[in-house]
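Reviewing the structure listed below.
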Amino acid sequence: MSKHPAGRPSGVPAAQAAQAGTPLPASNFIRHIIDEDLARGTNAARTWGGAPGPATAHAGQPVDPAKIRTRFPPEPNGYLHFGHAKSICLNFGLARDYGGACHMRFDDTNPEKEGQEYVDAILDAVKWLGFGWDAFGTEHLYFASDYFDFMYQAAEHLIEAGHAYVDSLSAQQMRTLRGTLTEPGKPSPYRERGVAENLGLFRGMRAGRFAEGEHVLRAKIDMASPNINLRDPAIYRIRKAAHHRTGDAWCIYPMYTYAHPIEDALENITHSICTLEFEDQRPFYDWLLERLSESTTLPDGRILDGLLLRPVPRQYEFARLNLTYVVLSKRKLIELVEEGLVEGWDDPRMPTLVGARRRGYTPEGFRLFAERIGVAKSDSWIDYATLEECMREDLNERALRRIAVLDPLKLVIDNYPEALEEECQAPNHPQKPDWGRRSVPFSKELWIEREDFMEAPVKGYFRLFPPGVNAAGEATPGSRVRLRYGFVIECTGFDKDPAGRIVAVHCNYFPDSKSGTPGSDSYKVKGNIHWVSARHACTAEVRLYDRLFKMPHPGAGDRDLMLDLNPDSVKTVIGQLEPALRTAKPGEHYQFERHGYFVADRIDPVTGEPDFNRAVTLKDTWQK
Ligand code: ATP
Ligand code: MG
C-alpha cells in the first residue's frame, strides 16, 4: 500500500507548468518550466552520489552541483538525423544555459539491431555539433544496459509490493483483453497470482526456463483506465538474443516504457524532454517512478523502502522536427540505404548528420536552425528552405571566396601574348578585408561558363556575344565585359565544331584595363564574368545536390515513399577551378563565386586533389 501521496510538495505538476507556459512564445515553454522549477527550488535539495544510482547511492551525498539535468538518449540502432540535432541542441543547450549537465545516454535496452558502429557514429555526431558530456569534472556518458541489474531488482520490488505480475496469455489473447479506446479492458486470469508464484515465475524467466512469448511481466495498474497505456503494460519480456554490450548475460529485456523512467531517475535527471508521441506514456512514467520511490508496508507488516531518490524526474513533451522534402525516421532512412537508393548513411543527400557534414552543412548552421525554429508544443512542418537559409547565413560568414567554372567553355584572347602569364588579385572575402587577397593566374586561354556567352543575345543580355548586324542592317561590335579581377575584353567571334556546338569564344583584351590599376575604371561595361586560366586550372569533380525528395511531404497519404524520390537529386560535373583549390582539405568550405557554397569532400587517390560538393546555392532557387 502506498504511504506517500503522489506528487512533489514544491514541484510543478507537468500539466500545470505546461499550461502556465502557453501564453509565452512557443520556443520558451520548456525554459519557462525550468525557470519556475529553479525559482521554487523544486530540485534544489537533490543530492548526487557522483554517478548514476538508486536512492542509497545518492542519499547523504552532497547537493547536486548541476542545477538541472537533461539527457540525450538515442537508441544506437542507426545514424543520427536532423531531428536528433534539434533534440541535441535543446538538451545540451538547456544544460549549458542553466548551469546544468546533459547526459549522453545510449538507450540500448533492445538487443536487436543495436551496435557499436552506431554508438561511435552517434558520439562523433554530438561532438561535431559542438556539444560534450563533461560537466562538473565527470564524463556523463552512460549506457542503459549498465542498469539492467537495477531494472531487474526494481521489477522484483514491484512484484513484492503487489504492483506487477507474470502473465501467461499469448500476445494475441492479451491484445483481445486489452479492450479499445471506447471499451475497457478485462483482467487476465493470471492477474491475481500471488507474490511467491510471480517471483518464482519471473526468476524462471530470467534463468531461461521458458520460451520467448511464454510469459511476460506486467505492471498491475488498471484494466479499465481510459489511457490504454495504463492497462497493465508489459514491462519485461523474454528475448533470447545477444546484446551488443551485455552479450548473453540476459534472456529477458525490459520494455522501453519501463526502462526509460528508471534510467532518468538513476541519473538524477530533472527534466526529461521527449517528443509528443510519448505524451500518453507520461501517466505510466509518473506511476512507475512513484511506485519505485515510495515506501510500502507489506501485508505482513514489513516495510519496503523506495528504491529511487525523490523528487523523481518529470517528463515534458515537445514537437518533433518535421522537415519538408526529407524523411526523419531511422526506419525509413535505413530503407533508402538498404535498397541502394543512396550511397550510404553519409550520402550528402541524406538528412543524417554524417551526410550533412559531407554536404558542407555546418554545426553552427544547425545550432542557428534549432534556435530559429524554437520548441513548440504542437506538430508542424518546417520548410527545408529555412534550414538552407541558416546554412547560407553561416557559410557566408565562414567561407573563403574562390572561382570555379562548372560548365567550361574556352575563351581565347587573341591579342594576348602566348607566353605571358600575370597575376590578378582577388579578395578572400569581400566583406572581410582582413582575410586578405590571393593571386589568381591569368593567361591567353581561359575557361568561362558556357552560359556567359550567347551567339544571338536576347534582349538585356550583357555578357559575351559576338559582332553582328542590327535590325537596320548596320554592323554592331561584339560585347565588352570585365573578366572579374582582370581585364576588360571585347568579343570578336567564336568557333563551332562540325556538330554545330560552340567550342571556343574569341576576344581581344585592353592591356590598360586591369582591375586595380590607375585608369582601369574608365572602361564602363555592363557585364562582369568569372574565369579560370586554362593552363593553371584544377580539374575537379563537382557534385551539385538538390533535394532528396521531389514532394514536400514524402510518402504522404498512402503514396509509396520511393516514388517521391527526386530523380535529379545529384548532378555531377567536371569543373575547372582556380589553382588554389588544388590543396583544399576535406571539410573546408568555399563560396564559388556566383555558384554557391561548396565543401571539399574526398581526395581523389589518383590526382591527390579533392572533389567538391555543393552545400547550398547562393539564393533560394525553390521559392518560385
Ligand atoms: P526514429 O523514429 O527516427 O528512429 P527515435 O525517436 O526512435 O527516432 P531515438 O534514437 O530513440 O530515435 O531518439 C533519440 C532522441 O532524439 C529522443 O529523445 C527523441 O525524442 C529525439 N528525436 C528523434 N527524432 C526527433 C525529431 N524528428 N525531432 C526532434 N527530436 C527527435
Ligand atoms: Mg525509435
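Everything numeric in this text was worked out from a predicted model, so none of it was measured. Atoms within each ligand, like the ligands themselves, are counted from 1 in listed order. Just so you know, these numbers use all the heavy atoms, side chains as well, and skip hydrogens, waters and symmetry mates. The first residue in the sequence is number 1, and the count goes up from there.
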For this session: Any chance you could lay out the side-chain contact (heavy atoms from CB on, under 4.5 Å) test for Arg614 and Tyr597, step after step, and finish with the verdict?
Result: CA-CA 6 Å; Arg614 183 172 70 196; Tyr597 296 97; over 6 Å; no
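- The six-membered or imidazole ring of His260 lies away from that of Tyr285, with a centre-to-centre distance of 6.0 Å or more.
- Looking at ligand 1, you won't find any N or O of Arg71 less than 3.5 Å from one of its N or O atoms.
- Ligand 1 has a nitrogen or oxygen under 3.5 angstrom from a nitrogen or oxygen of Glu75.
- Taking every non-hydrogen atom of Ser329 and a distance limit under 4.0 Å, the qualifying atoms of ligand 1 come out as 3 (O).
- Polar contact with ligand 1: present for His84 (N/O pair, distance under 3.5 Å).
- Using a 4.0 Å cut-off between heavy atoms, His81 contacts ligand 1 through its side chain alone, with no backbone atom that close.
- Contact atoms of ligand 1 toward Lys330: 1 (P), 3 (O), 4 (O), 8 (O), 9 (P), 10 (O), 12 (O) (distance under 4.0 Å to a heavy atom of the residue).
- Looking at Asp601 and Arg543, a side-chain N of the basic residue comes within less than 4.0 Å of a carboxylate O on the acidic one, giving a salt bridge.
- Checked against the 6.0 Å centroid criterion, the rings of His215 and Phe202 do not qualify as a close aromatic pair.
- With a 4.0 Å heavy-atom cut-off, ligand 1 is reached by no atom of Phe82.
- Under a 4.0 angstrom heavy-atom cut-off, Phe278 registers as lying outside contact with ligand 1.
- Both the sub-6.0 Å distance and the 45° axial angle are satisfied by Arg69 relative to the ring of Trp48.
- Listed by number with element, the atoms of ligand 1 under 4.0 angstrom from any heavy atom of Pro73 are 14 (C), 18 (O).
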For this session: For Lys330 and Glu75, run salt bridge (charged side-chain N to carboxylate O under 4.0 Å, His left out): C-alpha distance rounded to whole Å, both residues' side-chain angles, the deciding distance at 0.1 Å, then the answer.
Result: CA-CA 10 Å; Lys330 272 183 266 172; Glu75 188 180 352; 5.2 Å; no
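- Between Tyr253 and Tyr236, a ring centre-to-centre spacing not shorter than 6.0 Å is recorded.
- For ligand 1, the atoms lying closer than 4.0 Å to a non-hydrogen atom of Arg320 are 24 (N), 26 (C), 27 (N), 28 (N), 29 (C).
- Phe284 and Phe278 have their aromatic ring centers separated by at least 6.0 angstrom.
- Polar contact with ligand 1: absent for Cys274 (N/O pair, distance under 3.5 Å).
- For a threshold of 3.5 Å applied to N or O pairs, the pair formed by Ile273 and ligand 1 contains no separation below that value.
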